[in-house]
Amino acid sequence: NAGVMQNPRHLVRRRGQEARLRCSPMKGHSHVYWYRQLPEEGLKFMVYLQKENIIDESGMPKERFSAEFPKEGPSILRIQQVVRGDSAAYFCASSPYGTYTDTQYFGPGTRLTVL
Amino acid sequence: AQSVTQLDSHVSVSEGTPVLLRCNYSSSYSPSLFWYVQHPNKGLQLLLKYTSAATLVKGINGFEAEFKKSETSFHLTKPSAHMSDAAEYFCVVSPTDNTGKLIFGQGTTLQVKP
């Protein structure tokens, strides 16, 4: 059973460009979470999605950031008009049931660098 | 509001000596608690989790943690450190509201000296 897949692993963008980060959850998992890790910090929750639904986006910046998890295909985290402060590692996790006792399994992350 | 505090940002031990990484949590109810490990430039790997069953939880690679409700603590221990244990360790709380939001501590960097 393959783990959580994320691509690309590394992404370099210039200020003002768009970044698209992809996450394929573990087989059988319908709950996806995105977290951001700034340098020297712990991970911070961004958004929680189920298929075709955003359950909780309270951690998402109000502008430029959006996320989706379509019926078919991976979950996408999209950052428009990137700025240097968006440079971070973005991790995706998935779980089977979405309860608080569930284990969230993490992908290897996408490291975004904004020049 | 739930939160988690890792009491040490950096811990250094010698190979073969015990490891203690401290974590305190704040929660109105009994949450689920996790320890994850992150090796440099890698993703997070689950070490162990507590979900209101046995208070002493055994994890992978010889790690274990004890849930102490009276002290609101969930410290991670290992009897004998290996060089391969050098990594960043995160104590994590999963609130009982089922929002899916894991709350991470700031992390503890474990250094293992030969």
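In what follows, chains are A, B, ... by sequence order, proteins preceding strands, each numbered from 1.
The shortest distance between side-chain heavy atoms of B/Leu102 and A/Phe106 falls below 4.5 Å. Counting only heavy atoms from C-beta outward, the side chains of A/Ser58 and B/Lys101 approach each other to under 4.5 Å.
In the displayed structure, A/Lys51 atom NZ is contacted under 6.0 Å by more than 12 heavy atoms of other residues, nucleotides or ligands. The environment of CZ in B/Phe63 is crowded: more than 12 heavy-atom neighbours from other residues, nucleotides or ligands sit within 6.0 Å. A 6.0 Å sphere centred on CE of A/Met60 holds more than 12 heavy atoms belonging to other residues, nucleotides or ligands.
B/Leu44 and B/Val37 fall into different hydrophobic clusters, defined by Ile, Leu, Val, Met, Phe, Trp and Tyr side-chain heavy atoms under 4.5 Å apart, directly or through other members. Linking Ile, Leu, Val, Met, Phe, Trp and Tyr residues whenever their side-chain heavy atoms come within less than 4.5 Å places B/Tyr36 and A/Tyr33 in a single cluster. Under a hydrophobic clustering in which Ile, Leu, Val, Met, Phe, Trp and Tyr are joined whenever their side-chain heavy atoms come within less than 4.5 Å, directly or via other members, B/Val19 and B/Leu33 fall into the same cluster. Under a hydrophobic clustering in which Ile, Leu, Val, Met, Phe, Trp and Tyr are joined whenever their side-chain heavy atoms come within less than 4.5 Å, directly or via other members, B/Val93 and B/Leu21 fall into the same cluster. When the side chains of ILVMFWY residues are joined at heavy-atom separations under 4.5 Å, either directly or via intervening members, B/Val4 and B/Leu7 end up in two distinct hydrophobic clusters.
Looking at B/Lys49, only its side chain comes within 4.5 Å of chain A, counting heavy atoms on both sides. When heavy atoms are compared at a cutoff of 4.5 Å, B/Leu46 approaches chain A solely by way of its side chain, counted from C-beta outward. The contact between A/Gln37 and chain B is made entirely by side chain atoms (from C-beta outward), counting heavy-atom distances below 4.5 Å. Of the atoms belonging to B/Tyr50, not a single heavy atom falls under 4.5 Å from chain A. Residue contact with chain A, scored on non-hydrogen atoms closer than 4.5 Å, involves the side chain of B/Gln38 exclusively.
Taking every heavy atom of both residues into account, A/Asp102 and B/Phe34 meet most closely at O-CZ, 3.4 Å.
Interface residues of residues 76-95 of chain A toward chain B, defined by a heavy-atom distance below 4.5 Å and sorted by number: A/Phe91.
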